[in-house]
J.: 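Attaching a single structure in structure tokens format; questions to follow.
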Amino acid sequence: MTSSFTPQDQDDAVPPPTFFADVELKLDAIDRLHNPDPDEFTREYVYKRRPAIITGLMDNWPAMERWDFDYFRKFFGDLDIHANIQNLDSKLILGQVGKFRAMKLEQLLDEIENDEEPGRANYLRAYPVHRMVDHYPELEEDYDLPDLVPNWADIRFPAKWRTGTRNPAKLFGLLLAKTFLNRGSGKKATRSEISSRMAAVMFVGSKGTVTPFHSDGMQTAAYLCQVVGRKRCYFVSPDQHKKLYPRAFRRQFGMAQVDYRKPDLDKQPLFRDVVVEETVLHPGETLYVPSGYWHAIEAMDASISYSHQIVNEDNALGWLTCIPERYLAQLYFKSKGGLRNVTGAKDWDDWA
Ligand SMILES: O=C(O)CCC(=O)C(=O)O
Ligand SMILES: [Fe+2]
């Protein structure tokens, strides 16, 4: 099917936040930095674990011109995917983000373009980018892998080691994580191999998609590079985690049990006191999500985003201590036939 729909045909009016009205919402609360100095950014945002929006990183990406739904239909239409079909009127929390249906990407794009139903949203959630690159190698010319902050999973570069710690257990842990994550660096690697190690993922969806509150798996930090459409981002600092009622015994993936749009305040009274930072991520902007920081993201327009994970000295020990739990979770979900009931299409075999 051909269509004249382009996601850029967006309504410039900013729709109101869908956040539950009775909590303190700090609007436009996230720092915006244009081409920051990498060392300063690492010191002020990575080590202090503050989210930020970075402008300038994507200025030379051909993706900004090329990526739209027609492009994805042309080169990736026949990809087999599991699309997340969200009923926005029902409760949405991590682990309960809606149904997943097997289809070709082309079918999902048709649904996104034709579906006018207000209470529904369709999402290709966290599809592994290395599979897209294997499918259509020219994709890698469309974008640069952001490398503002040290990333031991980025095997284009040898991992830097600049720790000041003298604690032998910490030193040993950091060395172990660095060696494991950065293995193979210095050798020639394909974009597909590099992307796979960093767990690079793509998001393609309709206006209205909701990613409920979570902190990223394995305590990684992440870049979220917005190519098409706007996304509204909500943040809750890690010290407020109790107010989100995280699922117990999960260090390796923070999953809130509150639906921020319609919380059950009888069962989740602490949520009333949460302080939320809000911002709008525009096309061409990159969101930096710190390790352990709670975030929820909703698409204000039809949207395309690229994301990859970051592990370095700041979060490597957390990453390491998550491995046993992640291993058990992986066994469990494999026995259930996949991970789709938790995050979507993210396949843990692709991670490190
Ligand atoms: O954009 C989204 O829907 C979710 C992005 C996200 O939370 C992530 O990449 O960790
Ligand atoms: Fe996330």
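Indexing begins at 1, ligand by ligand and atom by atom, following the structure's order. Bear in mind the structure is a predicted one, so any value in this text is a computation, not a measurement. Start at 1 with the first residue, then count along the sequence.
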J.: So which of the N, O or S atoms of Asp216 lies nearest the Fe ion (ligand 2)?
T.: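 The nearest such atom is OD1.
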
J.: Mark yes or no for whether Tyr245, through its side chain, and Leu270, through its backbone, hold a donor-acceptor pair below 3.5 Å.
T.: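 Pair found, side chain donor or acceptor close to backbone of Leu270.
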
J.: Using a strict 4.0 Å cut-off to heavy atoms of Ile297, name the atoms of ligand 1 that fall inside it.
T.: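 Heavy-atom distances to Ile297 below 4.0 Å select 1 (O), 2 (C), 3 (O), 5 (C).
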
J.: Could you grab the distance from atom CG of Leu244 to atom CZ of Phe271, nearest 0.5 Å is fine?
T.: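 Here the interatomic distance stands at 6.5 Å.
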
J.: With heavy-atom distances below 4.0 Å as the criterion, list the atoms of ligand 1 near Lys231.
T.: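 The atoms of ligand 1 under 4.0 Å from a heavy atom of Lys231 are 1 (O), 2 (C), 3 (O).
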
J.: Once you restrict to heavy atoms under 4.0 Å, what part of Ser307 touches ligand 1? Side chain, backbone, both or neither.
T.: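 Under 4.0 Å from ligand 1, Ser307 contributes side-chain atoms alone.
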
J.: Tell me whether ligand 1 is touched by His214 - counting only heavy atoms on the residue side and a distance under 4.0 Å.
T.: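 True for this residue.
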
J.: Do Glu111 and Met103 come close enough that some side-chain heavy atom pair is under 4.5 Å?
T.: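 Yes, at least one pair of side-chain atoms sits under 4.5 Å.
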
J.: Taking C-beta and beyond as the side chain, do Glu298 and Tyr260 meet within less than 4.5 Å on heavy atoms?
T.: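 With C-beta onward as the side chain, the pair touches.
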
J.: What atoms of ligand 1 come closer than 4.0 angstrom to any heavy atom of Asp216?
T.: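 Contacts of ligand 1 toward Asp216, numbered from 1: 10 (O).
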
J.: Select the closest option to atom 5 (C) of ligand 1 among Tyr306, Phe203, Phe213, judged by heavy-atom distance.
T.: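 Result: the heavy atom closest to atom 5 (C) of ligand 1 is in Phe203.
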
J.: Please identify which of these residues, Val46, Asp31, Ile53, meets the side chain to side chain contact (heavy atoms under 4.5 Å, CB included) condition with Tyr288.
T.: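 So, applying the side chain to side chain contact (heavy atoms under 4.5 Å, CB included) to Tyr288 and each of Val46, Asp31, Ile53, only Val46 qualifies.
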
J.: Please identify which atoms of ligand 1 are closer than 4.0 Å to at least one heavy atom of Thr211.
T.: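 Here the atoms of ligand 1 in question are 2 (C), 3 (O), 4 (C).
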
J.: Ring centroid separation for Tyr306 and Tyr143, is it under 6.0 angstrom?
T.: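 Aromatic pair counts; centres sit under 6.0 Å.
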
J.: Between the Fe ion (ligand 2) and His214, which N, O or S atom of the residue is the nearest one?
T.: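 So the atom name we want here is NE2.
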
J.: So, His308 versus Asp154: side-chain donor-acceptor pair below 3.5 Å or not?
T.: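 No, Asp154 and His308 have no side-chain donor paired with an acceptor closer than 3.5 Å.
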
J.: Using distance alone, decide if ligand 1 has a nitrogen or oxygen within less than 3.5 Å of any nitrogen or oxygen in Tyr123.
T.: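 Indeed, backbone or side chain, Tyr123 has an N or O that close.
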
